[in-house]
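Have a look at the structure below before the remarks.
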Amino acid sequence: MSAKSDYQQAEKRYHILTYGCQMNVRDSEVIAGLLEGCGYHSVADPKEANLIIFNTCSVRHSAENKVFGKLGEITAWKRKDPSKIIAFGGCMAQLPEVRQILKKQPVDIIFGTLNIHELPGLVRRAEEGHVPVVQVWDKEGAIIEPLPSKRSGGFSAFVNIMFGCNNFCSYCIVPYTRGRERSRNPQEIKKEIEALAAAGYKEVTLLGQNVNSYGRGLEDNIDFPDLLNMVSEVKGIERIRFTTSHPKDLSDKLIGTMAQNPKVCEHIHVAMQSGSNRILKLMNRGYTREHYLKRALELRERIPGVAISTDIIVGFPGEREEDFAETLDMVEKVRFDSAFTFMYSPRSGTKAAAMDEQLPVEIKRRRLHQLTQLQYGIALEINRSLEGKCEEVLVEGPSKTDPSKLTSRSRTNRIIIFSGPDNIAGETIRVKITEARTFSLFGEIAR
Ligand code: SAH
Ligand code: SF4
Ligand code: F3S
């Protein structure tokens, strides 16, 4: 390598700030791969980077606020050192009102969720000083692949199986920021997973906004359970996870595949959102509480030990005390292993944002508190029932909170911390649970 290119490489340092869901985590891996292909290398400290990329989320107001807070901090650095390049992408970049705000900020590149593959060219233009560079498609084209990527590492990898969403739940911005639903070609998915296995990955998580509708619109006659079986043929991949499932599309066939295929983990994330039929209808969710409960009971009956996790929104417009009580009732009936709980946040352009009877924040806050207290109690009870039992775990490596211990994940997606030798990271072993907490378990290697 010549001295000049050494110098250039040292000059090109990037840092990615990733917000939001697994889709964005995965997109950031692709962004990293593309930038490394242009001679950039990653730095852990954003202060040392000369290219800072925001990969943003707009699912709730709080998510956008976090991004704007950080943007304020980083644009202040840029005002001191104008050679820094700031790129702004992800779901917020898709929204015209956000782009309007960004016009007044020293942001060099704005790129949409459908334009990630164009990043090398956009960065080059910014390096040459043609700023601001704005490239945001509002209509999806064909899926572009393969794209390079630099994975976050470890033994577990995210794999996109589809992009976008067609469901238009009335509160949700995602269909506007990610475009219509497109499924990836199954052979491309399998090829990617074979390469992951060859690189030492043991677990894959298949990603989509509604994985149960995988395959719609493809030439191949394939559905999501077929894809699970196909992926399970890849040697070296020991565990398969997927997220997220929509209750309206959760089929008997999927439950059967989860029950029968030993590589498919006994965990499913199925967002319930509300326990009230009236609110579910206003949310445009396409199912009833009775349907949800029936599916949950079938999952529990046919897949021994299955963990069910969910998302719940409180304070949707017009949610009355009796609707909220029905949500609490469903939480008690289903007994979720874990739940992400949110206060409804109006997103401009969505149907729900224009609905009457928006609730005051005090009511939302009180309901959220009541719901989380109930759910934490249930999660702790379920976890305590595991004390003394053995779980199969995939060892991830040193625990972040206590590096003298190892952290691992059970098939049911529980975090289990235990003492053991460093060299077992990546192995699947059995651990006996000795102590349960709400969000994690402690254990010891089973003999
Ligand atoms: N496609 C996934 C959800 C992706 S968004 C699914 O349907 O399972 C993740 C979660 O954020 C949603 O399930 C919902 O609970 C929450 N969410 C989405 N929009 C929201 C809003 N406007 N206010 C509050 N929570 C919201
Ligand atoms: Fe949003 Fe509904 Fe699509 Fe999930 S299924 S991404 S909640 S519109
Ligand atoms: Fe994900 Fe947030 Fe976009 S949840 S799809 S990054 S709006």
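For ligands, and for the atoms within them, numbers begin at 1 and follow the listed sequence. When reading the values below, keep in mind they use all heavy atoms of this one structure, side chains included, and skip hydrogens, waters and symmetry mates.
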State the atoms of ligand 2, each with its element, that fall below the 4.0 Å cut-off from a heavy-atom position in Cys172.
1 (Fe), 6 (S), 7 (S), 8 (S)
Does a side-chain N-to-carboxylate-O contact under 4.0 Å join Asp337 and Arg300?
yes
Can you list the steps and then say if Asn210 with Asp249 is a side-chain hydrogen bond (donor to acceptor under 3.5 Å, both in side chains)?
CA-CA 8 Å; Asn210 175 11; Asp249 298 317; 2.8 Å; yes
Pair Ser309, His269: side-chain N/O donor-acceptor within cut-off below 3.5 Å
yes
Which atom names give the shortest non-hydrogen contact between Asn24 and Thr56, and what distance separates them?
ND2-O, 2.9 Å
If you have a sec, work out which protein heavy atom is nearest atom 22 (N) of ligand 1 and how many Å separate them, to one decimal?
Ser345 O, 2.8 Å
Does the N or O separation between Gln209 and ligand 1 drop below 3.5 Å for any pair?
yes
Which of the numbered atoms in ligand 2 are under 4.0 angstrom from any heavy atom belonging to Cys165?
3 (Fe), 5 (S), 6 (S), 8 (S)
Using every non-hydrogen atom in the two residues, find where Ile52 and Ala49 come nearest and quote the distance to one decimal.
CG1-CB, 4.0 Å
Run the contact test for Asn210 against ligand 1 with a 4.0 Å cut-off on heavy atoms, strictly below, and give the result.
no
Could you tell me whether Asp223 and Arg216 have a side-chain N and a carboxylate O separated by less than 4.0 Å?
no
With heavy atoms under 4.0 Å as the rule, classify the contact between Cys21 and ligand 3 as side chain, backbone, both or neither.
both
With heavy atoms of Pro175 as the reference, note each atom of ligand 2 found under 4.0 Å away.
8 (S)
Phe242/Phe224 under ring-ring contact (aromatic ring centres under 6.0 Å, His included): CA gap, chis, key distance, verdict
CA-CA 10 Å; Phe242 53 90; Phe224 182 59; 5.1 Å; yes
Contacting atoms of ligand 3, where contact means under 4.0 angstrom from a heavy atom of Gln209:
5 (S)
Is NZ or CZ of Arg347 both nearer than 6.0 Å to the six-membered ring centre of Tyr171 and within 45° of the ring axis?
no
Heavy-atom contacts with Asn24 under 4.0 Å: which atoms of ligand 3 show up? List them by number with element.
6 (S)
Show which atoms of ligand 1 fall inside a sub-4.0 Å distance from at least one heavy-atom site of Phe342.
10 (C), 11 (O), 15 (O), 16 (C), 25 (N)
Can you confirm whether or not the ring centre of Phe155 sits under 6.0 Å from the ring centre of Tyr201?
no
Considering only heavy atoms, does Arg178 approach ligand 1 within less than 4.0 Å through its side chain, its backbone, both, or neither?
neither
For Glu319 and Tyr344, which I'm curious about, is there any donor-acceptor pair between the side chains at under 3.5 Å?
no
Residue Tyr344 vicinity, atoms of ligand 1 by number, heavy atom under 4.0 Å
23 (N), 24 (C)
At a 4.0 Å cut-off, with the gap strictly under it, does some heavy atom of Met343 reach an atom of ligand 1?
yes
Ligand 2 atoms nearer than 4.0 angstrom to some heavy atom of Val174 are 6 (S)
Out of all atoms in ligand 3, which are within 4.0 Å of some heavy atom of Cys91? Include the element for each.
3 (Fe), 5 (S), 6 (S), 7 (S)
Counting from 1 in the order shown, the ligand 2 atoms closer than 4.0 Å to a non-hydrogen atom of Phe168 are 8 (S)
Determine, using ring centers only, whether Trp137 and His117 are less than 6.0 Å apart.
yes
Ignoring angles and geometry beyond distance, decide whether Ser245 reaches within less than 3.5 Å of ligand 1 through its nitrogen or oxygen atoms.
no
Report the C-alpha separation of Glu64 and Lys70 in whole Å, then their side-chain angles, then the decisive distance to 0.1 Å, and conclude whether the salt bridge (Lys or Arg N to Asp or Glu O under 4.0 Å) test is met.
CA-CA 10 Å; Glu64 293 195 343; Lys70 194 73 187 174; over 6 Å; no
Minimum heavy-atom separation for Pro317 and Leu282, please, with both atom names.
O-CD1, 4.2 Å
Report whether any nitrogen, oxygen or sulfur of Cys57 sits less than 2.8 Å from atom 3 (Fe) of ligand 3 (N, O or S, backbone or side chain).
no
Within a distance under 4.0 Å of any heavy atom of Arg285, pick out the atoms of ligand 2 and give their elements.
2 (Fe), 7 (S)
contact_flag His61 ligand 1 heavy-atom lt 4.0 Å
no
Quick note on ligand 1: atoms under 4.0 Å from a heavy atom of Arg347 include exactly 22 (N)
Taking only heavy atoms of Arg60 into account, list the atoms of ligand 1 that are under 4.0 Å away from them.
11 (O), 16 (C), 17 (N), 23 (N), 24 (C), 25 (N), 26 (C)
Tell me whether Thr244 has any N or O atom under 3.5 angstrom from an N or O of ligand 1.
yes
Logged contact type for Tyr171 with ligand 1, heavy-atom cut-off 4.0 Å, is both
For atom 4 (Fe) of ligand 2, the closest protein heavy atom turns out to be Gln209 O, 4.4 Å
How about Phe88 and Phe111: are their ring centroids closer than 6.0 Å?
no
Any N or O on Asp311 sitting closer than 3.5 Å to an N or O of ligand 1?
yes
Element-labelled atoms of ligand 1 that are located less than 4.0 Å from some non-hydrogen atom of Arg285:
7 (O)
Rounded to the nearest 0.5 Å, what separation is found between the CD1 atom of Ile240 and the CG atom of Asn261?
6.0 Å
